[in-house]
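Computed from a predicted structure; not experimentally measured. To find a chain, count down the sequence lines: A is the first, B the second, and so on, and within it residues start at 1.
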Amino acid sequence: MMSLRDIISPFSVWKRAAQKPWTIADPIKDRPGAENYRGFHKNDLEKCIGCGTCEDICQNAAIDLVPVEGQETDMGDSGLRPKLDYGRCCWCALCVDVCPTGSLTMSNEYTWISEEAEDFRFIPGADKKEWDNAEKGYKRDENFQLIDFERIPMHELSVEARSSSFIEMVKGYSKEQAIAEAERCLECGICVARCPAHMDIPEYIKAIREDDIDLAVQILYKTNPFSASCGRICTHHCEDVCSLAHNGEPIAIRWLKRYILDQVSAEEIAKILKDIIQTNNKKVAIIGAGPGGLSAAYYLRLLGYEITIYESNDKGGGMLRYGIPEYRLPYDQLDKDIDYITSLGVKINYNSRIGDEVKFDEIYKTHDAIFISPGLWNSIPVNITGEKLPNVISGIELLNKVTNKEEIELGDKVAVIGGGNSAMDAARTAKRLGADVEVYYRRRIEDMPADVEEIIEAQEENVKFFPQTTPLEIKKNGSGIKFIWGKNKMIYEEGKRPKPVLIKGETFETNLDTFIIAIGQNADLSFLPVEVRNKFETKWGKVVVNDSGQTSVEKIFSGGDASNSKADAVSAIADGHKAAIGIDKYLNA
Amino acid sequence: MTKISKTKYPNFKADRSNFPEMENGKPVIDLDSHKFTKLWQGPQHPGVTGNMSVEITINGDEIVHAKTHVGYLHRGFEKLLERRKYIQGFTIVCRICVPEPDTNEYCYSTAVEELAGIQIPDKASWLRTLNLEMSRIASFLMWIGGQAGSLGMGVIGQWTVGMRDFWLDLFEEMTGGRIYHMYMIPGGVRKDLPDGFVTRTRDLVNRTRELLFEIKKSFLDNIITKSRLIGLGIITPDMIDEYGIVGPTAKASGKEYDVRMNNPYLKYPELDLKMITLTGGDAFTRAEVRYQEMHQSLDIITQILDKMPMNGEIQTKLTNVINWKIPAGETYVKAESTRGEHGFYVVADGSKYPRRVYNRGASYTHAISVLEKLAVNTSISDLAGLMVSLHTCPPEIER
């Protein structure tokens, strides 16, 4: 077993004594880190939105989100930035893998020497380091992802089916789909700040994930009593700022809200919320039963106030009913929201326009406070000749008539002027009434204030778009009209929105049956006595209110489209809630 | 194959007149009698990877009783994992064994995938197999340095740890980390191979093989090694099942058991491996088995590089891992580490967090019951060599 060979053999490796050593003299200079080495952190402060997903995933609690000097809080940006504690970090790079914006990366730097222990707690990007511009280092592989960037598709009616019908086109999520969509949420809460009503979005999405519909309904009603409607037609600015939207599709927050209310009937809502009213014998009058007025009514009623709402139409809902077509918001869903509010003892006087039978002064005397939310009902004119012709109507007039099921004769060819959501609603409604529809807008399609999905859906439904056009004149032409228009060129100025300028000398003519104006609306405050109206402070045609919704006139609060420049449902709802708190404070001061 | 006599020094008769009386199989040690000395070997001792100590009682220079003590390295991995999301777990499990973290990563990730019902892509399987074999080489290189060092031959350790560093360079390129690779994430792997990796790996395989031949000449074919290791710490075949001995330690006593072949996983069924067993059961035979396993590992790496597809998905898309819930269930996943069968038992209760993660490493039996038995009647100077020949990794004992 042991032989002479065992004595001699070890000497054969003597040659190694003459070999060059493997160690290198200066490891930093001669051997940089590998291409994707997990070295020290880098953060692109411009890209970072301070969502805190890195903080969430860090299993060592090495990341803290902290304010950074010079970094302002903005819509879609918390203003905070991650601070690393290298006493805790284990360089697993999960923070890099889950970063939804891709701002957080790592350099391939090996060594960092400092005498100060505190130096190793630093804010990448803000505290300048020599590796900030290193190109190499760990980055998330394109084929590798730990968060889900793809939205669960929503089932919708086919283009053919929906172009000719007022049936609701969006079908809603099933339970499995809703839970799967809710699972994508990173719970960063960036959306909460963006939502005008500051709805607790991550919390109700969490409730969906845990299949706790009761809790979800309770969360919704804390900030928004119009969730069935908002779940369908909200302008969803929350989704614009969703942290997943930076590299993928945002969470379908709106559809998830709708999913919650789709699961419960109006009676079930009452059972879930168990709202108890303790009357405090104070009276508040509300003018206008739109989303602003009704949400103020709901929150004031919860505080014990006796509420009377004066509404000029024969049904509640305001613009939600008369300004939004049924294929986007079916009336029964709107009724569901309103029915719950009225079930709490909120009194609505329909068909009572202030000034006709009911006098404003009388209401002012008999109530402790008044909240006005009349909405925007006056169509803004285009100011061209021929605008008074009988074949010219406003968008709001058309939608109003459709809601009231009145007889409408649009003819075969219709043009809509405008690029907002009202213009899209008018165009798509006209399409459903059987007309060929053309939309004229003065800027480019990408400048249109309407929601992108509305524009896309209108295009799918074969509505033709004529961007960069200026209407010049409308002439009578037999039973129809002749529409004369010109083309615009865009003038670009540094830091400003591109300006449309008419190209002179070139005009076009189109024969039409009906001409629809939908370039905007303003408030009709004619129901108020002149002396009150004159006392209102206004700016850009809107009633100016303070942070509590209070106007410059004693006892009068205002909200909704007549006061806020956003003029959408969720802002009106937020106004109502804000004014309810303001009124309560005012009356208990 | 060398034949081993039962005793190292057949003509030597030890004076055991002062040895303790045995009562119920245990020695009765009266320290006040001044016949015995108690000594602590470890926890600071180069003979073990990690921190562990053996409390020995000696009579002369012969050990009459040995007791293993652990607890110097307890970091509570299993408990930590119960408070971590499934995705966070893979960054912790690698720390259970420093020289060979990848087996832990593989077992944990695969257990999570099994519970979640995820199939990983073909390419990811290949990359995992490659990673596991590379880590086997790195771990054995460290071991052989320790084995030589424990006999006073420090130079072997310098060569092998130096060579291991070149393997760590490759790990750095492949995974982004040198020691803790955190590469096998539930769902697949994190990165594809960088450019030129295959060429550099083939080159290093050749260099490592050259080194191994030199180690063979200088360490295994060495009269000193042989005289000290042959006959040391003999594990008889009937001890294997009694103690639950696995891996090269069992294979050196003729046991044909290797998870890669008995319960093939990943791409091992598509690779050409053969069971390496020897009979003899002493420390030298164990060194021989490991030496041959290293050659086989290098061969497997070459095979993988030949057969692996260059393109393909590296990850099965996961749902958002922050809210990742795994349906209730339990599973046991095992793999062959350099020390033997290595397993993870994971229980899911339907929440975002594992209910229980249990890790079974070979070191538990090797370093406690087996070592305590084998140490008795060896010389105190042989104890370090014996400990290393069982190839234990103390963190594995105290998860």
Checklist entry - Which is it for B/Glu105 and B/Arg190 under the salt bridge (Lys or Arg N to Asp or Glu O under 4.0 Å) test, yes or no, and what are the steps along the way? => result CA-CA 12 Å; B/Glu105 284 181 28; B/Arg190 286 172 107 174; over 6 Å; no
Checklist outcome for this item: In terms of heavy-atom pairs under 4.5 Å with chain B, the winner among A/Lys139, A/Glu150, A/Lys206 is A/Lys139
Item to check | Structural part of A/Ala182 lying under 4.5 Å from a heavy atom of chain B | outcome: backbone
Checklist entry - In this structure, which one of A/Trp112, A/Phe120, A/Phe122 forms a ring-ring contact (aromatic ring centres under 6.0 Å, His included) with A/Phe40? => result A/Trp112
Next on the checklist: For the interface with chain B, which of A/Leu186, A/Asn143, A/Leu146, A/Ile147 has the highest count of heavy-atom pairs at distances below 4.5 Å?
Outcome noted: A/Leu146
Item to check | B/Ser125-B/Asp122 side chain donor-acceptor pair, cut-off 3.5 Å | outcome: no
Item to check | Evaluation steps, side chain to side chain contact (heavy atoms under 4.5 Å, CB included), between A/Lys257 and A/His236 | outcome: CA-CA 11 Å; A/Lys257 183 157 56 204; A/His236 60 83; over 6 Å; no
Checklist entry - Which bit of B/Met174 comes within less than 4.5 Å of chain A, counting heavy atoms only: side chain, backbone, both or neither? => result backbone
Checklist entry - Does the pair A/Arg121 and A/Asp64 meet the rule for a salt bridge (Lys or Arg N to Asp or Glu O under 4.0 Å), with working shown? => result CA-CA 10 Å; A/Arg121 282 169 17 103; A/Asp64 241 343; 5.5 Å; no
Checklist outcome for this item: Applying a strict 4.5 Å limit to non-hydrogen atoms, the region of B/Asp165 in contact with chain A is neither
Item to check | Partner chain B: residue of A/Gln59, A/Glu183, A/Arg140 with the largest heavy-atom pair count (under 4.5 Å) | outcome: A/Gln59
Checklist outcome for this item: Applying a strict 4.5 Å limit to non-hydrogen atoms, the region of B/Arg95 in contact with chain A is side chain
Item to check | Top contributor to chain B interface from A/Leu244, A/Asp148, A/Asp141 [non-hydrogen pairs under 4.5 Å] | outcome: A/Asp141
Next on the checklist: Under a 3.5 Å threshold, yes or no: a donor from one side chain and an acceptor from the other, between B/Ser218 and B/Trp159?
Outcome noted: no
Next on the checklist: Looking at every heavy atom in both B/Ile120 and B/Thr316, which two are closest together, and how far apart are they?
Outcome noted: CA-OG1, 3.5 Å
Checklist entry - For A/Asn60, is it the side chain, the backbone, both, or neither that has a heavy atom closer than 4.5 Å to a heavy atom of chain B? => result neither
Checklist outcome for this item: Highest number of heavy-atom pairs under 4.5 Å with chain B among A/Thr23, A/Ile8, A/Asp97 belongs to A/Asp97
Next on the checklist: Counting heavy-atom pairs under 4.5 Å with chain A, which one of B/Ile314, B/Asn320, B/Ile87 comes out on top?
Outcome noted: B/Asn320
Checklist outcome for this item: Whatever's closer than 4.5 Å to a heavy atom in chain B on A/Tyr138 counts as side chain
Next on the checklist: Please classify the contact between B/Val189 and chain A as side chain, backbone, both or neither, with a heavy-atom cut-off of under 4.5 Å.
Outcome noted: backbone
Next on the checklist: Given heavy-atom pairs under 4.5 angstrom as the criterion, report whether the side chain, backbone, both or neither of B/Lys317 touches chain A.
Outcome noted: side chain
Next on the checklist: Name the residue from A/Pro124, A/Ser107, A/Ser103 that meets the side chain to side chain contact (heavy atoms under 4.5 Å, CB included) definition with A/Lys42.
Outcome noted: A/Ser107
Checklist outcome for this item: With chain A, the option among B/Glu172, B/Glu173, B/Met182 that has the most non-hydrogen atom pairs under 4.5 Å is B/Glu172
Checklist entry - Given the rule in the side chain to side chain contact (heavy atoms under 4.5 Å, CB included) test, do B/Leu127 and B/Lys191 qualify, once you have shown the distances and angles that lead to the verdict? => result CA-CA 9 Å; B/Leu127 289 170; B/Lys191 283 266 179 193; over 6 Å; no
Checklist entry - Given side chains that start at C-beta, do those of A/Arg38 and A/Val96 come closer than 4.5 Å, heavy atoms only? => result no
Checklist entry - Where do A/Tyr37 and A/Tyr110 land on the ring pair (Phe, Tyr, Trp, His ring centres under 6.0 Å) test, with the steps shown first? => result CA-CA 9 Å; A/Tyr37 182 70; A/Tyr110 270 125; 4.7 Å; yes
Checklist entry - Tell me, side chain or backbone of B/Ile224 under 4.5 Å from chain A's heavy atoms, or both, or neither? => result neither
Checklist entry - For A/Lys136, is it the side chain, the backbone, both, or neither that has a heavy atom closer than 4.5 Å to a heavy atom of chain B? => result neither
Item to check | Max heavy-atom pair count under 4.5 Å with chain A, selected residue of B/Trp324, B/Phe166, B/Tyr180 | outcome: B/Phe166
